[in-house]
Amino acid sequence: MRDYLSQRDDVIIYDYASFCRSSYCVNPREAEQLCTRNGYGFCLIISTYDYLERIPKMGVPVLAIDQRPYKTDKTQKYCDGFYNALTGVTDKVRGYGRFLHFNCGKFIKAYDDLNDAFIAADTIRAAAMKE
């Protein structure tokens, strides 16, 4: 995963939970399409093995967290372990947003709303152009 992320400018990882009913838990296919329209790479990582039939056909691989290295079957614990290692920061620093933005392998920020990632990136680009 780190190699993939380091070879791309902007990538959004969607920490997808098929059982989530929050307004922030969007259809993965729609999230993929939104990322593509905005010039971002997209990865879908499922956090549980429940309701796999709800995952639509994707244009990207669907990945799952291998819980064995974390020696637990508790979703929150193995997800925290995986994302702490991937981002290099703890969940308290990272937050609990389901959309994780990486640029050239570096963790940027986690977002609850995918659109916020694109708004933030546009703001940063606009500020850099003024300098």
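When a residue number appears, it is its place in the shown sequence, counting from 1.
Using a 4.5 Å heavy-atom threshold, the side chains of Leu63 and Leu44 count as separate. The closest side-chain heavy-atom distance from Met1 to Ile45 is below 4.5 Å. Between Pro28 and Ile46, every side-chain heavy-atom pair lies at or beyond the 4.5 Å cut-off. Considering only heavy atoms from C-beta on, Leu86 comes within 4.5 Å of Phe102 through its side chain. Looking only at side-chain heavy atoms (C-beta outward), Tyr78 and Asp73 stay at 4.5 Å or farther from each other.
Contacts of Arg37 classified as salt bridge (charged side-chain N to carboxylate O under 4.0 Å, His left out), with partners at least two apart in sequence or in another chain: none. Residues forming a side chain to side chain donor-acceptor pair (under 3.5 Å) with Asp91 (at least two apart in sequence, or on another chain): Tyr96. For Gln7, the side chain to side chain contact (heavy atoms under 4.5 Å, CB included) criterion is met by Asp3, not counting sequence neighbours. Applying the salt bridge (charged side-chain N to carboxylate O under 4.0 Å, His left out) rule to Arg8 yields no partners; only residues at least two apart in sequence or on another chain are considered. In this structure, the side chain to side chain donor-acceptor pair (under 3.5 Å) partners of Asn84, at least two apart in sequence or on a different chain, are Arg94. Every residue two or more places apart in sequence or in another chain that forms a side chain to side chain donor-acceptor pair (under 3.5 Å) with Glu32 is listed here: Arg29.
Aromatic ring centres of Tyr40 and His101 lie closer together than 6.0 Å.
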